Amino acid sequence: MPKSKRDKKISLTKTAKKGLESKQKLIEELRKCVDTYRNLFIFSVANMRNSKLKDIRTAWKHSRFFFGKNKVMMIALGKGETDEYKDNLHKVSKYLRGEVGVLFTNKTKDEVQEYFSHFKEMDYARAGNQAQMDVTLDEGPQEQFPHSMEPQLRQLGLPTALKKGVVTLIKDYDVCKEGDTLTPEQARILKLFGIEMAEFKVQIKCMWNSETGEFENIAGEEDCTQDNEEEDVE
């Protein structure tokens with residue numbers, strides 16, 4: 001009797017090897033960038049959106065961005081003075097925690113700060129975000145919605161009904177208060193009503209110059225020495 005394909009055992013050796021090769025390739029790419037570009041910046045992202053980061057990459061094609069794989073990037077740059085790739089890079093590694101990325105560029109500090117200080121875009125908040133303001137929906141017809149959506153709106157907790165085929169709020173409804181941690185239902189309601197309150201923005205935290213080996217703490221924060229879990233973003 002032939003064996004079922006479902007019973008086929010898969011060796012994890014190749015998978016582990018592929019993952020190791022991927023990490024080694026990233027380390028090599030990072031060190032090549034250290035040797036190629038004049039400046040290295042660490043930046044943090046508030047309200048991360050891959051689409052917004054893609055826009056930045058497109059605008060800065062002359063530079064290189066790395067985002068995610070913080071622990072691997074720390075290995076590439078060096079965790080301490082004894083294993084750092086170049087002088088003072090271990091100081092940069094201390095900032096590779098949380099939602100941060102690495103920018104390699106030949107642009108100056110002023111040019112980088114000028115661009116990122118103005119790159120701020122609004123987007124819809126997600127569940128878990130904090131409400132930035134009070135939002136109340138006024139009673140009355142909601143003609144932007146087709147009548148077929150009324151059950152969905154009611155399921156989200158909205159006091160709706162169909163009146164002459166028009167979706168109608170039968171009374172005022174408080175969606176959220178400033179400072180609330182948004183639930184999935186609240187976030188969905190805000191999006192349905194076109195209310196954006198999540199600001200995507202980038203903050204430059206520190207820089208390192210390849211010509212002088214000098215490190216500068218731009219954000220004015222204390223050294224990030226606490227151990228945080230790595231956050232990988234595709």
Side-chain angles (χ1 to χ4, degrees), residues 21-123 198-234:
E21 289 175 351
S22 176
K23 290 178 180 179
Q24 189 60 44
K25 183 179 179 182
L26 176 58
I27 290 172
E28 291 172 1
E29 286 183 9
L30 281 158
R31 290 178 174 176
K32 183 178 179 180
C33 287
V34 169
D35 295 332
T36 303
Y37 292 93
R38 184 178 300 120
N39 292 314
L40 179 164
F41 295 88
I42 299 293
F43 62 91
S44 63
V45 179
N47 295 305
M48 174 62 191
R49 300 291 187 273
N50 285 339
S51 60
K52 309 295 186 187
L53 192 60
K54 186 177 180 180
D55 291 341
I56 294 176
R57 288 181 191 271
T58 301
W60 282 63
K61 288 183 178 179
H62 46 68
S63 305
R64 285 291 305 274
F65 288 86
F66 295 86
F67 200 89
K69 303 293 183 185
N70 289 345
K71 291 181 180 179
V72 179
M73 293 196 290
M74 288 175 70
I75 293 171
L77 301 180
K79 295 182 179 181
E81 291 184 43
T82 56
D83 65 353
E84 62 185 7
Y85 183 60
K86 288 193 175 179
D87 289 346
N88 288 324
L89 277 179
H90 76 281
K91 295 180 180 179
V92 174
S93 290
K94 292 179 180 179
Y95 288 80
L96 288 171
R97 304 179 188 280
E99 286 199 327
V100 299
V102 180
L103 164 63
F104 290 97
T105 184
N106 288 325
K107 295 292 185 180
T108 65
K109 171 187 170 184
D110 290 341
E111 288 173 314
V112 170
Q113 288 188 304
E114 171 70 15
Y115 178 83
F116 286 106
S117 65
H118 290 93
F119 192 95
K120 297 177 182 179
E121 294 190 9
M122 296 303 296
D123 204 339
E199 185 180 54
F200 173 91
K201 60 182 178 180
V202 172
Q203 180 188 28
I204 302 299
K205 301 179 77 67
C206 67
M207 73 170 288
W208 176 84
N209 182 278
S210 65
E211 296 175 344
T212 64
E214 291 183 0
F215 167 85
E216 181 180 353
N217 179 349
I218 295 175
E221 301 173 356
E222 295 182 3
D223 283 351
C224 307
T225 54
Q226 73 276 17
D227 290 329
N228 293 330
E229 290 186 4
E230 171 191 5
E231 295 187 33
D232 292 348
V233 179
E234 295 180 358

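Residue numbers count from 1 along this sequence. Since we're looking at a predicted model, the values are computed, not measured. Because only heavy atoms are used, hydrogens play no part in the values below, and waters and symmetry mates are left out as well, while side chains stay in.
- Each of Leu89, Val92, Val102 was compared with Val34 under the side-chain contact (heavy atoms from CB on, under 4.5 Å) criterion, and only Leu89 meets it.
- Here the side chain of Ser93 pairs no donor or acceptor atom with the backbone of Lys79 at under 3.5 angstrom.
- The shortest heavy-atom contact between Trp208 and Asp87 is NE1-O, 2.8 Å.
- The backbone N or O of Ala198 lies less than 3.5 Å from no partner atom in the side chain of Asp123, so there is not a single donor-acceptor pair.
- Few gaps surround CD on Glu216; more than 12 heavy atoms of other groups in view lie less than 6.0 Å from it.
- At a threshold of 4.5 Å between non-hydrogen side-chain atoms, the residues His62 and Lys107 count as touching.
- Under a cut-off of 6.0 angstrom, the local environment of CD in Glu111 is crowded, with over 12 non-hydrogen atoms contributed by other residues, nucleotides or ligands.
- Taking both residues in full, the closest heavy atoms of Tyr85 and Asp35 are given as OH-OD2, 2.7 Å, listed atom of the first, atom of the second, then distance.
- The backbone N or O of Gly98 sits less than 3.5 Å from a side-chain atom of Asn70, completing a donor-acceptor pair.
- Note that the CE atom of Met207 and the CZ atom of Phe43 stand 15.0 Å from one another [nearest 0.5 Å].
- Closest heavy-atom contact between Tyr95 and Val100: O-CG2, 3.5 Å.
- Summarising the geometry of Thr36 relative to Asn106, their closest heavy-atom pair is O-OD1, 4.2 Å, with the distance given to 0.1 Å.
- In this structure, the side chain of Arg31 engages the main chain of Ala76 through a donor-acceptor pair within 3.5 Å.
- Scanning both residues, Phe116 and Ile204, for their nearest heavy atoms gives CD1-CD1, 3.9 Å.
- Residues Tyr115 and Ala59 come closest through the heavy atom pair OH-CB, 3.6 Å.
- The OG1 atom of Thr212 sits 3.5 Å away from the CD atom of Glu214 when rounded to the nearest 0.5 Å.
- Relative ring orientation between Phe104 and Phe66 is described as perpendicular, the plane-to-plane angle rising above 60° on a 0-90° scale split at 30° and 60°.
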